[in-house]
Amino acid sequence: MLLTRFAIAAATLAAFSIPASAQFAPARPAAPKATAPKASTPSPRAASCHNGANFDRFLAEVKQQAVAAGVSQRTIAEASPYLVYDQGIVNRDRGQRVFGQIFTEFAGRMAAPYRMQNGQQHIKRHASAFARAEREYGVPPAVIAAFWGLESDFGANMGNLPTLRSLVSLAYDCRRSEMFVNETIAALKIIDRGDLTPDEMIGSWAGELGQTQFLPTHYVNYAVDYDGDGRRDLLRSEDDVIGSTANYIANGLKWRRGEPWLEEIKVPQNLPWDQTDLSVQLPRSKWAQFGVTYPDGRPLPNDNLAGSVLLPMGRFGPAFMAYQNFAAYTEWNNSLIYSTTAGYLATRIAGAAPMRKPTGQVTQLPFNELKQLQQLLVQAGFNVGKVDGVLGQQSRAAVKAMQIKYGLPADSWPTAELLARMRGGTAQAQPQATVR
């Protein structure tokens with residue numbers, strides 16, 4: 001779920017394929033049980049960031065930290081058979097490819113009508129819990145349901161790997177060791193307070209748990225017992241899932257009660273494109289002066305509610321007004337494609353019409369050319385994060401800056417023309433990934 005800090009669940013989300021027979025099935029009533037996994041040999045380089053300590057010594061230190069953080073020796077003993085190293089988990093983390101798809105393709109699949117309808121069905125089925133969550137936390141049911149649907153298809157796809165094994169393996173790896181040490185200790189706290197047992201901790205390879213895929217630290221801090229059974233069970237209790245997700249969105253992601261999050265809009269051809277960025281917030285009255293309207297031509301309200309124009313595929317693709325609550329989506333998962341899809345799905349569950357088709361031809365550069373463009377941007381002095389052929393927010397910001405430099409429409413969408421300018425050559429349009 002809460003892949004606020006890195007967009008890793010995205011890769012598994014993109015692989016979801018739910019048969020029609022399962023689309024309206026209720027969440028499974030029982031969690032699978034993990035068996036004590038077998039260990040594998042760590043890569044020799046893992047010890048390099050732990051003062052040469054092998055995995056057993058490293059694990060002993062983690063257990064000591066857990067005890068110092070209040071975890072009981074009983075829980076340490078119960079969890080120990082599951083705290084083994086798995087090099088396969090580390091390989092998956094290092095080999096992940098996140099969101100190379102174009103927005104309309106990803107949103108078309110992940111915000112499909114069946115998932116919208118399933119969200120509406122769940123809101124009706126659990127009306128009391130959703131009403132209580134909105135009353136107590138100010139988070140609309142559609143917002144909760146959209147995350148619930150995207151993260152696990154309402155409990156149908158929570159992952160099938162032992163969580164403790166995943167966490168401790170990623171903790172021993174050098175890439176994000178401190179983060180996953182903290183997540184391992186948080187998982188032990190979940191066991192210690194009686195929410196889950198070690199063999200119930202089954203989830204994604206990246207260590208998230210439950211129907212909205214909480215990392216253990218978020219489970220500890222934001223899970224609530226909404227069904228009154230004395231446990232916070234995000235694997236089997238739909239009420240706990242609804243209340244806990246609302247609590248995290250409201251208090252962890254700072255949701256603003258009563259305010260919108262995302263609306264589709266129509267932009268004019270002469271919009272000042274350099275203003276179309278999540279970092280630029282203007283009153284709706286100002287956007288209206290620029291000629292921005294709703295898709296059917298209705299004017300925007302003439303008020304001071306601040307919003308940003310979001311163009312996930314540039315000026316010819318879908319256009320949205322992203323309000324301050326949209327920050328909750330980019331905090332939940334920092335992939336712009338995922339966060340925009342999640343916000344859009346929530347609007348659909350709440351009753352909004354499907355987004356319009358692109359107004360013109362939208363072409364995405366092939367992977368190798370996106371990667372080359374990133375390399376050229378790095379050479380020009382920009383920080384684009386990882387040079388991976390994926391258009392992340394840092395790459396988009398750098399693209400915008402170069403578009404401004406070359407006098408091109410600064411809509412943050414990389415084009416063959418921009419690449420050619422940076423190469424010093426002639427633009428050649430690419431036919432791949434063209435959306436009409």
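FYI, side chains are in, hydrogens and waters are out, and symmetry mates aren't considered; it's all heavy atoms of this structure.
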Should the ring pair [X] and [Y] be called parallel, tilted or perpendicular, given that the plane angle runs from 0 to 90° and is split at 30 and 60?
X: Phe103; Y: Phe320; answer: perpendicular
X: Phe147; Y: Tyr338; answer: parallel
X: Phe58; Y: Tyr172; answer: tilted
X: Trp261; Y: Trp255; answer: tilted
X: His122; Y: Phe154; answer: parallel

*Pair Arg236 + Asp233: basic N to acidic O under 4.0 Å*: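 Looking at Asp233 together with Arg236, the answer is yes, because their closest N to O distance falls below 4.0 Å.
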_Charged N-O contact under 4.0 Å between Arg232 and Asp195_ = yes
*Do Asp225 and Arg231 pass the salt bridge (charged side-chain N to carboxylate O under 4.0 Å, His left out) test, and can you show the C-alpha distance, the side-chain angles, and the key distance before you say yes or no?*
CA-CA 6 Å; Asp225 175 19; Arg231 301 174 66 192; over 6 Å; no
*Would you say the side chains of Glu78 and Thr75 form a donor-acceptor pair under 3.5 Å?*
no
*In terms of side-chain heavy atoms, does Glu178 have a donor or acceptor partner in Asn182 at a distance below 3.5 Å?*
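On atom types as modelled, these side chains do not qualify, holding no pair under 3.5 Å.
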*In sequence, state the C-alpha distance, the side-chain angles, and the governing distance for Gln65 and Ile185, and then conclude on side chain to side chain contact (heavy atoms under 4.5 Å, CB included).*
CA-CA 8 Å; Gln65 293 179 49; Ile185 294 172; 3.8 Å; yes
_Between Phe326 and Tyr323, does the ring pair (Phe, Tyr, Trp, His ring centres under 6.0 Å) criterion hold? Intermediate values first, please._
CA-CA 5 Å; Phe326 187 69; Tyr323 297 99; 9.9 Å; no
_Straight-line distance of Ile190 CD1 to Leu196 CG, nearest 0.5 Å_ =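 Output value for this atom pair is 6.5 Å.
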*asked:* Run the side chain to side chain contact (heavy atoms under 4.5 Å, CB included) test on Asp173 and Phe180 for me, step by step, so that the C-alpha distance in whole Å, both residues' side-chain angles and the decisive distance to 0.1 Å come before the verdict.
replied: CA-CA 9 Å; Asp173 185 47; Phe180 279 103; over 6 Å; no
